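Quantities reported herein were computed from a predicted structural model and do not represent experimental measurements.
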Amino acid sequence: MKISEVMSPEVRIADPDDTIQDVAQIMDETDVGFLPVGEDDRLVGMITDRDITIRAVALGLDPRSTRVRDVMTTKVLYCYDNDEI
């Protein structure tokens with residue numbers, strides 16, 4: 001079985017300069033708990049609801065001014081749609 005058979009084909013990509021409030025709203029609208037973060041056509045990280053909660057909210061950071069790049073996970077493992085599961 002290929003990754004393409006189980007993946008979501010329509011993915012929203014966050015920008016490192018988006019605010020975490022903007023990203024949280026996208027997560028709510030699309031009913032997901034994480035988004036890939038892209039810059040200059042490259043995957044540079046992932047932002048998760050846990051990143052927002054633990055790295056921002058728990059520290060009292062302002063969601064309207066805190067940027068995705070400040071709390072995102074930068075080490076990302078990935079695969080391609082034609083890879084085997």
TODO: Nearest 0.5 Å please: distance from the CG atom of Asp81 over to the CD atom of Glu5.
DONE: 10.5 Å
- [ ] Report yes if some heavy atom in the side chain of Val71 is under 4.5 Å from a heavy atom in the side chain of Ile47; otherwise report no.
- [x] yes
TODO: Check Ile54 against Leu59 and note the closest heavy-atom contact, atom names and distance.
DONE: O-CG, 4.2 Å
Task: CG on Asp18 to CZ on Arg67, rounded to 0.5 Å - done: 8.0 Å
Task: Considering all heavy atoms, the nearest Gly38-Pro16 contact - done: O-CD, 3.4 Å
Task: Reported OG1-to-CZ distance for the pair Thr30 and Arg12, which is rounded to 0.5 angstrom - done: 6.5 Å
Task: Separation of Arg64 CZ from Thr66 OG1 (nearest 0.5 Å) - done: 10.0 Å
Open item on the list: Quick one, Ile85 and Ile3 - any side-chain contact, counting heavy atoms below 4.5 Å?
Closed with: yes
Task: Separation of Glu84 CD from Met1 CE (nearest 0.5 Å) - done: 9.5 Å
Open item on the list: Working to the nearest 0.5 angstrom, can you tell me the gap between Gln21 CD and Thr19 OG1?
Closed with: 5.5 Å
- [ ] For Val37 and Ile13, work out which heavy atoms get closest and say how close.
- [x] C-CG2, 4.2 Å
TODO: Could you tell me whether the side chain of Thr73 reaches within less than 4.5 Å of the side chain of Arg55, counting heavy atoms only?
DONE: yes
Open item on the list: Quick check on the hydrophobic clustering: are Val11 and Val44 connected, directly or via other members, by side-chain heavy-atom contacts under 4.5 Å?
Closed with: no
Open item on the list: Could you list the cluster mates of Leu43? Members are the ILVMFWY residues connected by side-chain heavy atoms closer than 4.5 Å, either directly or through other members.
Closed with: Phe34, Met46, Val76, Tyr78, Tyr80
Task: Pairs touching residues 35-49 that satisfy side chain to side chain donor-acceptor pair (under 3.5 Å), sequence neighbours left out - done: Glu39-Arg69, Thr48-Asp51
